[in-house]
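Working notes, structure below.
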Protein chains: 2
Amino acid sequence: MSEALLEKKCIKIAIVEDFKLTRVGLRCALNANEDMSVVAESEDAVEGLKLIERTKPDVVLMDLGLPGMNGIEAMLKLKEITPCTKIIALTSHDRGEEVVAALSSGANAYCLKDIDPQKLADVVRDVAKGVCWIDPVVAPLALSSLPKVENIGFLPDKSCNEGRVPLTEREFEVLKHLVLGKSNTEIAKELIVSVHTAKAHVCSILQKMCVNDRVQAAVKAVKEGMV
Amino acid sequence: MSEALLEKKCIKIAIVEDFKLTRVGLRCALNANEDMSVVAESEDAVEGLKLIERTKPDVVLMDLGLPGMNGIEAMLKLKEITPCTKIIALTSHDRGEEVVAALSSGANAYCLKDIDPQKLADVVRDVAKGVCWIDPVVAPLALSSLPKVENIGFLPDKSCNEGRVPLTEREFEVLKHLVLGKSNTEIAKELIVSVHTAKAHVCSILQKMCVNDRVQAAVKAVKEGMV
DNA sequence: TAATCCATTACCCTTGTGGGTAATTAAAAT
DNA sequence: ATTTTAATTACCCACAAGGGTAATGGATTA
């Protein structure tokens, strides 16, 4: 028992949901698991945010159809005050734009309310680790909102991506400034080198990244999470 | 036993993976579960697609780093021939572009190869039902590629238009090309206007987006999901 | 010791960039 | 009917970008 407590630490959960019955249902379903515990409950977003700020839960179950401030706004605010808190968006309907809005506003998971309680507990465990989990009914909607392959330039330049030449440490420094929109002159000043040097670095960055200009380099760097 | 077979029908799995050891590992890990069975294995995409067409698995584990045809291409083809097959993208690295490319090309899940075997079995079960599951390490990358709330008009006219001047349709066109790294001259050619026009559009884009140069505009556009 | 890689500097040259200003036309809103 | 907005074109100008080529010193590696 103490072993279990050591091994999997308890996941703290907050519930923001206006229907009392659903709230009770969620609490019971989740508290039935030894490795999680509901530490806060609220029926509206404003009070919910206060409670969350105080209790610092690991995972928040957020209903999207709240009166007053809606769930999307609440999540945006929540991510501002406690960015590490994971959010599971809960809803009874399946409006396409709401799915995308929720996920891009900070939700890590999107569940319909008819989810099996035991499955919900699994999702809570996954989400606590940072997993993104999307209900089967709405998953296609979310996935189809992602930028298409043709627009990420993933397929072309295969030869280039294979023989990928790594950037040097210095070049990474330059790349960071480049992504911020700095000119070669500015980069040179900040790195305390001559413009010639900065230009030289930029040139080799462009070659190594297999791009034609600094805009492509910046975009590629952002998309690949290099910076 | 027959009860179990009735209750949860067996999930048929195909594995496309070039490393023999990994392949064996996956097979063993998954076959250890009573409710699933590996029905096809291949070390390259071309043969894999044939096998999949013949064996019609419920779930395909697809390595992304295949020799020859890469995993992304293979998934696109796979979705053409058997659209209902669910795909789990497997990879050992975590390149941002690849995550988005895989998910938008048909993958229902994205796992890193260091996933716990038992967890992988859970994911297979989820994915067979249509769930979208994304590994914690890459989930933020995928979620941040979704279009932002402001750009889906979900929060109508509230925080959206506050201090932000919206781009015109034409300017959006130009912005798309700009993000691709096109020069003003190239943009002009593709939009069949004069260079002067292209420049004018770029200028107003810079002003409206409150940035100093096209690099910042491109980065901001990518980060905010405007394109 | 020799070879290699990296950071640094420098030059020339062509093309691109971005600011400023301003005119024309068509469409849309008042 | 009048005003506003968007798109288009045009000009000038200072400066930046990126390609090419090449030299130097320092550090690491073979």
Side-chain angles (χ1 to χ4, degrees), chain A residues 153 156-157 159-160 162-223 226-227, chain B residues 150-151 153 156-157 160-223 226-227:
Chain A
D157 307 330
S159 55
C160 210
E162 298 291 338
R164 209 172 176 74
V165 187
L167 297 189
T168 68
E169 208 171 318
R170 195 57 162 169
E171 285 161 353
F172 259 111
E173 288 294 314
V174 174
L175 182 59
K176 280 178 198 165
H177 290 85
L178 191 154
V179 170
L180 294 176
K182 305 282 177 66
S183 70
N184 290 338
T185 315
E186 289 171 318
I187 296 173
K189 271 180 192 156
E190 300 204 28
L191 296 187
I192 322 187
V193 294
S194 78
V195 192
H196 308 289
T197 309
K199 281 179 67 172
H201 285 312
V202 170
C203 277
S204 55
I205 288 173
L206 297 185
Q207 288 171 358
K208 286 183 179 179
M209 291 180 74
C210 303
V211 293
N212 300 315
D213 56 60
R214 52 175 52 219
V215 175
Q216 289 177 1
V219 169
K220 193 165 185 172
V222 171
K223 283 190 175 171
M226 297 171 71
V227 287
Chain B
E150 306 88 44
N151 302 316
D157 302 329
C160 181
N161 282 334
E162 215 154 341
R164 179 175 306 194
V165 188
L167 297 189
T168 68
E169 207 172 317
R170 194 57 161 171
E171 286 162 354
F172 260 112
E173 288 292 314
V174 174
L175 181 60
K176 281 179 197 164
H177 290 86
L178 192 156
V179 170
L180 293 176
K182 304 281 175 67
S183 71
N184 290 338
T185 315
E186 290 171 317
I187 295 174
K189 271 181 193 153
E190 301 205 26
L191 296 188
I192 323 189
V193 292
S194 79
V195 191
H196 307 290
T197 308
K199 281 180 67 174
H201 286 312
V202 170
C203 277
S204 56
I205 288 173
L206 298 184
Q207 288 172 357
K208 286 183 179 178
M209 291 180 73
C210 301
V211 293
N212 299 316
D213 56 60
R214 53 173 53 217
V215 175
Q216 288 178 2
V219 170
K220 193 164 186 175
V222 170
K223 282 190 175 169
M226 298 172 68
V227 287

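Every chain is numbered from 1 and lettered A, B, ... according to where its sequence line falls, protein lines coming before strand lines.
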**Prompt:** Distance from A/Lys199 atom NZ to A/Ile187 atom CD1, nearest 0.5 Å?
**Reply:** 12.0 Å

**Asked** How long is the gap from CG on A/Leu191 to CD on A/Glu173, to the nearest 0.5 Å?
**Response** 6.5 Å

**Request:** Apply the test side chain to side chain contact (heavy atoms under 4.5 Å, CB included) to residues A/Val193 and A/Arg170: give CA-CA distance (whole Å), side-chain angles for both, the deciding distance (0.1 Å), then the verdict.
**Result:** CA-CA 12 Å; A/Val193 294; A/Arg170 195 57 162 169; 3.6 Å; yes

**Item:** Integer-rounded Å distance: C/dC5 P and A/Glu169 CD
**Value:** 18 Å

**Request:** Report the secondary structure of DNA chain D in dot-bracket form, marking unpaired bases with a dot and bases paired to a different strand with |, and treating Watson-Crick or G-U pairs with both distances under 3.5 Å as paired.
**Result:** ||||||||||||||||||||||||||||||

**Asked** Taking B/His201 as the fixed residue, which of B/Val174, B/Asn184, B/Leu167, B/Leu175 is the one that meets the side-chain contact (heavy atoms from CB on, under 4.5 Å) rule?
**Response** B/Val174

**Item:** Whole-Å distance separating the NZ atom of A/Lys208 from the C1' atom of D/dG18
**Value:** 17 Å

**Request:** Please list, chain by chain and in numerical order, all residues satisfying side chain to side chain contact (heavy atoms under 4.5 Å, CB included) with B/Asn212, sequence neighbours excluded.
**Result:** B/Gln216

**Prompt:** Atom CD1 in A/Ile205, atom OG1 in A/Thr168: separation rounded to 0.5 Å?
**Reply:** 7.5 Å

**Message:** I need the CD1-P distance between B/Ile205 and D/dA6, as an integer number of Å.
**Reply:** 13 Å

**Message:** Given 3.5 Å as the limit, does a donor-acceptor pair link the side chain of A/Lys220 with the main chain of A/Val211, or not?
**Reply:** no

**Asked** Does OP1 or OP2 of C/dC5 have a side-chain N or O of A/Thr168 closer than 4.0 Å?
**Response** no

**Prompt:** Using a cut-off of 4.0 Å between protein heavy atoms and nucleotide atoms, how would you tag nucleotides 8-30 of chain C 5' to 3' with B, S and -?
**Reply:** SBB-----SSBB-----------

**Interatomic spacing from CD in A/Glu171 to CG in A/Leu178 - rounded to 0.5 Å** = 11.5 Å

**Prompt:** D/dA17 C1' sits how many Å from A/Ile187 CD1, rounded?
**Reply:** 11 Å

